[in-house]
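Counting starts at 1 for both ligands and their atoms, in listed order.
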Amino acid sequence: MLSQADNELLTRVGQGTPMGQVFRHFWLPALLPSELPQPNSDPVRCRILGEDLVAFRDSTGKVGFIQNNCPHRGASLFFGRNEEDGLRCVYHGWKFDVDGSCVDMPNEPAESDFRAKVKAVTYPSAEWGGLVWIYMGPTALEPQLPEMEWCLVPDSHRIVRRWVHDTNYAQAAEGDIDTSHIGFLHRRAIDGVAGLPPTRDLAPKLMVKETDYGFVYGGRRQEADGRFHWRLTQWMLPFYSIIPGSYPLTGHAYVPIDDTHTSVVGYRYHAERPLTEGEREQVEQGLQVVPRFDPQTRLPIANRSNDYLIDRQMQKTVNFTGIRGISEQDMAMTQSMGPIYARWNEHLGSSDVAVIAMRRVLLRLAQRMAEGARPVAASDGRIYRVRALETRSDEDSLQGVLEQNERALVASVQTS
Ligand code: FES
Ligand SMILES: [Fe+2]
């Protein structure tokens, strides 16, 4: 459990909050390039860390993130005209470039220098790993982009999707580092513990090792032959997961829209080859780490308002939940806790060590931020070059299995 004060510290991300400051020291994946498909394409709304912004791609192809409210009298720049190298407010015609400079103020006298005194809030952008990123922190401390393996591979080797999750980011992220739910929530058959391999241990031993990029955690299950089945999951600051399994690997980024909504980025990639049509189709069909969602609103089809389309008959005969899709099953659980769960009501057990570790790492950063310390992981993108792994071993300690698989846990992709 967390104290009420620590729950607040963990979950609040708006301007001026300590955790909001932590997030503002990292590059954040904000949009897909296809949301701003070409120079001078339509501006789009982008709410992130509780700030309402408008994103647009200027005539040179550069992406700008600008405050939603026009600096003149506050009309939304979403309605603006994306003209030659700037976004023009349609109320009185003021025009701003991607850096926030007012480049035209046609309703003031030509000799006025008022234009030079007006500046809109804008944030730097970058395109990287099949996404458009934003940096909302201090200019002098601009971080490096994280060199996660899925960002380093060519576009053909990766599929990235983005949808909206209507809870706090931490709750959503905790679902990815909670290996013990797999034997229940995602169980395919309902015949006792059937549907799981007969030797699969339902009470894995979980161990965490903190690293410079966050932590790696191991879920160790006893196999019938006396060996261990290990799932080694990576959790990277401030909100990324790489889920173990065979290639293509998958994971999520949980980017706070505000305190009670999250933009989830789901990725699936192969380090060595392009994804097949079949592998892409699985993602489109909601069979992988991406739910089926409305492409316009980005809201999942199965959601809180329709009880995730639970089918009670299916729950009796087909799977454990009666809910279709791994992502939908996860969402039903983490969203059913409420927009921000009152974590002081929890009873955490030994299966929750990774969840506890995530909170500990983030809370420590937030506390250090208050003392002026910058997150180390923001300053070196190379430390993100790690992989998740599923393996068998005689090793019973996390340190042992990490050493045994040292090379397999490092991304092999070289930057092109
Ligand atoms: S409110 Fe935008 S130009 Fe007046
Ligand atoms: Fe899950």
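Donor-acceptor pairing under 3.5 Å is recorded for the side chains of Y308 and Q335. Donor-acceptor pairing under 3.5 Å is lacking for the side chains of R57 and S41. R364 and Q367 share no donor-acceptor pair across their side chains, judged by distance under 3.5 Å alone.
Figure legend: cation-pi geometry between R298 and F293 absent, as NZ or CZ is not positioned both under 6.0 Å from the six-membered ring centre and within 45° of its axis.
Atom OD1 is the N/O/S atom of D330 found closest to the Fe ion (ligand 2). Closest to atom 4 (Fe) of ligand 1 among the N, O or S atoms of H92 is ND1.
When the shell of 6.0 Å around CZ of R273 is examined, it contains more than 12 heavy atoms from other residues, nucleotides or ligands.
In this structure, Y213 and Y384 have tilted ring planes: the angle between them lies in the 30° to 60° band.
With ligand atoms numbered from 1 in the order given, ligand 1 contributes 1 (S), 2 (Fe), 3 (S) to contacts under 4.0 Å with heavy atoms of C89. Heavy-atom contacts of Y91 reach the following atoms of ligand 1: 1 (S), 4 (Fe) (cutoff under 4.0 Å). Close approach of ligand 1 to W94 (heavy-atom distance below 4.0 Å) involves ligand atoms 3 (S). In the vicinity of C70, heavy-atom distances shorter than 4.0 Å reach the ligand 1 atoms 1 (S), 2 (Fe), 3 (S).
Nearest non-hydrogen protein atom to atom 1 (S) of ligand 1 is R73 N, 3.4 Å.
To the nearest 10 degrees, the angle centred on the Fe ion (ligand 2) between NE2 in H186 and NE2 in H181 reads 90°.
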Worksheet item: Where do M314 and R324 land on the side-chain contact (heavy atoms from CB on, under 4.5 Å) test, with the steps shown first?
Response: CA-CA 9 Å; M314 185 159 103; R324 180 190 179 277; 4.3 Å; yes

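At a cut-off of 2.8 Å, H72 coordinates atom 4 (Fe) of ligand 1 through an N, O or S atom.
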